[in-house]
Student: 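The structure under discussion is supplied below as structure tokens; questions concerning it will follow.
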There are 2 protein chains.
Amino acid sequence: MKIDPENPAGLSAQIAQAIKDAIVSGALIVDERLPSESELAEQFRVSRPTVREALKRLAAQSLIRTQRGATGGAFVNRLAYQDAYAQQITTSTLLLSMNAVSFDTACEARFALERACAPLSAERRAPDHLATMRAEILRQAQPGLTDEAFCASDVAFHRALVDGAGNPVLSYQLAGAVEAMQPLMNMITFTARSRETIVALHTALADAIEARDGQAAMQRLGDLETETRGHASDVFAARKAGAQTRRT
Amino acid sequence: MKIDPENPAGLSAQIAQAIKDAIVSGALIVDERLPSESELAEQFRVSRPTVREALKRLAAQSLIRTQRGATGGAFVNRLAYQDAYAQQITTSTLLLSMNAVSFDTACEARFALERACAPLSAERRAPDHLATMRAEILRQAQPGLTDEAFCASDVAFHRALVDGAGNPVLSYQLAGAVEAMQPLMNMITFTARSRETIVALHTALADAIEARDGQAAMQRLGDLETETRGHASDVFAARKAGAQTRRT
DNA sequence: AGACTTTTAAATGTCAGACAAATAGAAAGT
DNA sequence: ACTTTCTATTTGTCTGACATTTAAAAGTCT
């Protein structure tokens, strides 16, 4: 672990990278205690605040956790699925909101990935996954639901579908794709008619999953994608036309 | 943005969360300059080092960038795909290496997601995607290639396949799944015979993509998954038997 | 001896002030 | 008009200090 004081990246960034490499390479194992801040400062020949900034960088990525007190210090953190989910969702959401990703592109990615889960979910889903899906469908059919609540329920429905595959790695990868869509979906108003269509498709999808028919589930997801993208393009077209009308 | 000095989470963590929320919610837009560290310290009623630790947390997630000098400061960063990829890969790799995810689970997730890309890639792949795939196949066929180099080439091959879909969101989501597998793959030794099989399957896959036959590409990916998992379980079984033999 | 209380040491969390380095803009000179 | 110098601002880093938390060691009482 060598540090170059002349490197424009900054000392704390270099130290953070060095420790990160040690963790990723396996030189530092889970729950291992790092040297104290003072010792690290000595080793790297920098001051304690600089070391602290480096440690905060790692803490922000959940790579380490810190504990105060006599036996405290910085410990290599076991990256829990929950932490990884949260990071994944934040990153995905920002990526979509900041890069002018078109609704179509995001939608296509999401449904393509979900279709990948469908056969596995049809095969392995437990009763509670089905129960969650059915419950969310009921919620979505309720009149007077706000668009936001409708979208949130939609996300919950699809997460149940994904989790049904019983593969935590898949669930992790999909979490970002599904949740990051929510802000984009929230920009769309769902008419009573379109909600009916979606609820019908969700029901057909849940039926396919219940029947353990993966192929049918994939087809229903394709239908849902077509419906969602068609509805979204209608909404955007209407909005554009409205804007032009107001302008004239 | 209110800060509670009694909160055990720590002042810097709270400040980081407050700014993060402002960015995610859109209150702070891309390229907007945050107040200087001194001003932030005043606003939050904390010292400058505390503010700095908070800013480093955000910088570690590529949410902000800092610039020195007269007109310098902290700016809201446009999260580039490249940065997001890197984070995604790091997180995925750690998630797999730290949580005793079985080879089968990771492999299943990876190939399921890749199959989702296959139809899109078959439809849209540009000539250079195909060229990359062919080039990597040639590399994989070279004798004397180390296992690591073989795995790296495998990753490059599959990335070209994924990128062929022309959907950056999909590429982003898949980057983690494909790259994170590499450390797991590196634990496997590939015999000349298994390499031959893989190269043949890769060739068939590239042929399917070239012929714009998405269904065939999905089937070839299925074959590749079967081969990979079968070979891996053989290697693990042999290793286990070897260990027991040595023990007796 | 055993259980409880107090002390102590070690570590992180925070603060204050200072200086160095980089950078852009203003001011001065040619 | 152009170039150079100066200056103000801001981040990067250092030094030193104190507060807080925590667990273990030391001490005390029954």
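The chains referred to below are lettered A, B, ... by the order of the sequence lines, with proteins before strands, and numbering in each begins at 1. Note: hydrogens, waters and symmetry copies are ignored here, and every other heavy atom, side chains too, is used.
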Student: Please determine whether a side-chain nitrogen or oxygen atom of B:T50 lies at a distance below 4.0 Å from atom OP1 or OP2 of C:dG13.
Tutor: no
Student: Taking atom C1' of C:dC15 as reference, at what distance in whole Å does atom CD of B:E42 sit?
Tutor: 15 Å
Student: Of all the nucleotides listed (C:dC15, D:dT13, C:dA11), which has the minimum atom distance to the side chain of B:V46?
Tutor: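 For B:V46, the side-chain atoms sit closest to C:dC15.
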Student: So does A:E136 pair up with A:R139, basic N to acidic O under 4.0 Å?
Tutor: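 Between A:R139 and A:E136 there is a salt bridge, with a charged N closer than 4.0 Å to a carboxylate O.
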Student: In whole angstrom, give the distance that lies between atom CD of B:Q67 and atom P of C:dT23.
Tutor: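 Rounded to the whole Å, the gap is 8 Å.
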Student: Using OP1 and OP2 only, check whether a side-chain N or O of B:S12 sits under 4.0 Å from C:dG13.
Tutor: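 No, no such contact exists.
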Student: Go through the N and O atoms of the side chain of A:R48 and the base of C:dG13, and report whether any donor-acceptor pair is under 3.5 Å.
Tutor: yes
Student: Round to a whole Å and report the spacing from CZ of A:R68 to C1' of C:dA11.
Tutor: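 For the pair A:R68 CZ and C:dA11 C1', the rounded distance is 9 Å.
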Student: Select one nucleotide: of D:dG12, C:dA10, C:dT12, the one nearest the side-chain heavy atoms of A:A70.
Tutor: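 The nucleotide sitting nearest to the side chain is C:dA10.
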Student: Quick one: A:L40 CG to C:dA11 C1', roughly how many Å, whole number?
Tutor: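 The answer, rounded to whole Å, is 12 Å.
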Student: Distance only, no hydrogens: is a donor on one side chain within 3.5 Å (strictly under) of an acceptor on the other, for A:D163 and A:S171?
Tutor: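 Looking only at side-chain atoms, A:S171 and A:D163 do form a donor-acceptor pair, the distance falling under 3.5 Å.
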Student: A:P49 has a side chain; which of D:dT11, C:dT14, D:dT15 sits nearest to it?
Tutor: D:dT15
Student: Once you round it to whole Å, what is the distance between P of C:dT12 and CZ of A:R33?
Tutor: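 Value for this atom pair: 6 Å.
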Student: Write down the distance between CZ (B:R45) and P (C:dT14), rounded to a whole number of angstrom.
Tutor: 17 Å
Student: At under 4.0 Å between heavy atoms, what does A:R65 touch on the DNA or RNA strands: base, sugar-phosphate, or nothing?
Tutor: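 Nothing, no nucleic acid heavy atom in range.
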Student: Out of C:dC15, D:dT15, D:dA23, which has the shortest distance to the side chain of A:S47?
Tutor: D:dT15
Student: How many whole angstroms separate atom CD of A:E53 from atom P of C:dT14?
Tutor: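 Those two atoms, CD and P, are 13 Å apart.
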Student: Give me the atom names and distance for the closest heavy-atom approach of A:R124 to A:A165.
Tutor: NH1-O, 3.0 Å
Student: Choosing from D:dA23, C:dT12, D:dT11, which nucleotide comes nearest the side chain of A:E37?
Tutor: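 Out of D:dA23, C:dT12, D:dT11, the nucleotide with an atom closest to A:E37's side chain is C:dT12.
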Student: Do the side-chain N or O atoms of A:R52 get closer than 4.0 angstrom to the phosphate oxygens (OP1, OP2) of C:dG13?
Tutor: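 Affirmative; the distance criterion is met.
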Student: Do A:R57 and A:S12 have a side chain donor and acceptor closer than 3.5 Å?
Tutor: yes
Student: Look up atom CZ in A:R110 and atom CG in A:L184, then write down how far apart they are to the nearest 0.5 Å.
Tutor: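 It is 10.5 Å, given to the nearest 0.5 Å.
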Student: Output the rounded distance in Å from CD1 (A:I15) to P (D:dC14).
Tutor: 8 Å
